[in-house]
Amino acid sequence: LVSDDIVSALIDDELAAMSDDTGAIFDGYPRTRAQAEQLDALLAKHGRKLDRVIELQVDDETLVKRVVNRAKEAEAAGEKVRADDNADAMRTRLLNYYKDTSPLIGYYHAHGKLARIDGMASPDEVTAQLKAAMDG
């Protein structure tokens with residue numbers, strides 16, 4: 001893993017290099033309250049703001065099954081399977097999410113930035129919800 005200081009420096013550099021009309025999507029970042037606060041400060045430094053935070057809501061066991069199925073499909077196709085594409089590793093990732101990342105749901109909700117998307121819906125419905133969240 002890369003330290004928060006290194007990630008912040010990289011984001012700072014990228015924000016400085018971006019034109020005013022260029023946006024960005026942060027996928028999987030921030031993961032902690034400290035990272036969220038660092039991101040807020042960096043965005044403010046560059047005269048930018050966070051428009052929206054998307055929470056994809058998916059049942060835990062469905063996530064576990066998806067990872068296991070992805071590994072089986074990759075293996076059947078002769079592709080390399082990630083070492084952490086298994087049920088135990090996914091459950092560990094979920095525990096880490098609940099411990100470190102899920103508090104951000106309340107943080108961003110309190111700031112009026114949170115949009116919740118039903119990740120169990122059909123792909124077309126998820127896409128429609130994402131578009132609506134980004135437009136709103």
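FYI, side chains are in, hydrogens and waters are out, and symmetry mates aren't considered; it's all heavy atoms of this structure. All residue numbers in this chain count up from 1 along the given sequence.
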Only pairs under 3.5 Å count here: list side-chain donor-acceptor contacts from residues 129-136, not counting sequence neighbours, and write none if there are none.
residue : atom : partner : partner atom : Å
Gln129  : OE1  : Asp118  : N            : 2.9
Gln129  : NE2  : Glu125  : OE2          : 3.4

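- In this structure, Lys65 NZ and Lys72 NZ are separated by 11.0 Å, a value rounded to the nearest 0.5 Å.
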Kindly indicate, with the supporting measurements, whether the criterion side-chain contact (heavy atoms from CB on, under 4.5 Å) is fulfilled by Asn86 and Val81. CA-CA 10 Å; Asn86 62 68; Val81 177; over 6 Å; no
Under the criterion side-chain contact (heavy atoms from CB on, under 4.5 Å), I'd like the reasoning laid out for Arg48 against Leu42: C-alpha separation, chi angles, the key distance, then a yes or no. CA-CA 8 Å; Arg48 295 174 177 268; Leu42 287 171; over 6 Å; no
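- In this structure, Ala24 and Met18 approach most closely via the heavy-atom pair CB-CE, 4.1 Å.
- In this structure, Tyr98 is not a member of the same hydrophobic cluster as Ile54, with clusters built from ILVMFWY side-chain heavy atoms closer than 4.5 Å.
- For the residue pair Arg66 and Gly119, the shortest heavy atom distance occurs at NH2-O, 3.7 Å.
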Side-chain donor-acceptor pairs under 3.5 Å in residues 27-35, sequence neighbours left out?
residue : atom : partner : partner atom : Å
Arg31   : NE   : Gly28   : O            : 2.9
Thr32   : OG1  : Gln35   : N            : 3.1
Arg33   : NE   : Glu37   : OE2          : 2.9
Gln35   : OE1  : Arg31   : N            : 2.6
Gln35   : OE1  : Thr32   : N            : 3.4
Gln35   : NE2  : Asp4    : OD1          : 2.7

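- Under the 4.5 Å side-chain contact rule for hydrophobic residues, Leu43 and Ile6 share a cluster.
- One hydrophobic cluster, built from ILVMFWY side chains closer than 4.5 Å, cannot hold both Met90 and Leu95; they sit in different ones.
- Between Leu15 and Lys45, every side-chain heavy-atom pair lies at or beyond the 4.5 Å cut-off.
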Can you list the steps and then say if His109 with Glu55 is a side-chain contact (heavy atoms from CB on, under 4.5 Å)? CA-CA 10 Å; His109 176 75; Glu55 177 194 13; over 6 Å; no
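- Distance CD1/Ile105 to OH/Tyr97: 4.0 Å, rounded to 0.5 Å.
- In plain terms, the two heavy atoms of Ala115 and Arg52 that are nearest each other are CB-CD, 3.6 Å.
- How far CG of Leu50 is from OH of Tyr108: 5.5 Å, rounded to the nearest 0.5 Å.
- Thr62 OG1 to Asn69 CG: the interatomic distance, rounded to the nearest 0.5 Å, is 10.5 Å.
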Can Asp60 and Val64 be said to form a side-chain contact (heavy atoms from CB on, under 4.5 Å), step by step? CA-CA 6 Å; Asp60 288 356; Val64 172; 5.6 Å; no
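- Connection of Val58 to Val67 is established within a shared hydrophobic cluster, with ILVMFWY side chains joined at heavy-atom distances below 4.5 Å, either directly or through further cluster members.
- For residues 84-107, every residue pair satisfying the salt bridge (Lys or Arg N to Asp or Glu O under 4.0 Å) rule, not counting sequence neighbours, is listed here: Glu61-Arg91, Arg70-Asp85, Arg82-Asp84, Arg82-Asp85, Asp84-Arg93.
- A donor-acceptor contact under 3.5 angstrom links the side chains of Ser19 and Asp21, judged on distance only.
- Counting heavy atoms from C-beta outward, Asp40 and Tyr107 have side chains that approach closer than 4.5 Å.
- A heavy-atom distance below 4.5 Å is not found between the side chains of Val53 and Leu104.
- For the atom pair Lys49 NZ and His111 NE2, the distance stands at 13.5 Å (nearest 0.5 Å).
- Dense packing is recorded around CG of Asp13, with more than 12 heavy atoms of other residues, nucleotides or ligands lying under 6.0 Å away.
- In the hydrophobic clustering of ILVMFWY residues, with side-chain heavy atoms under 4.5 Å counting as a link, Leu10 and Leu39 come out together.
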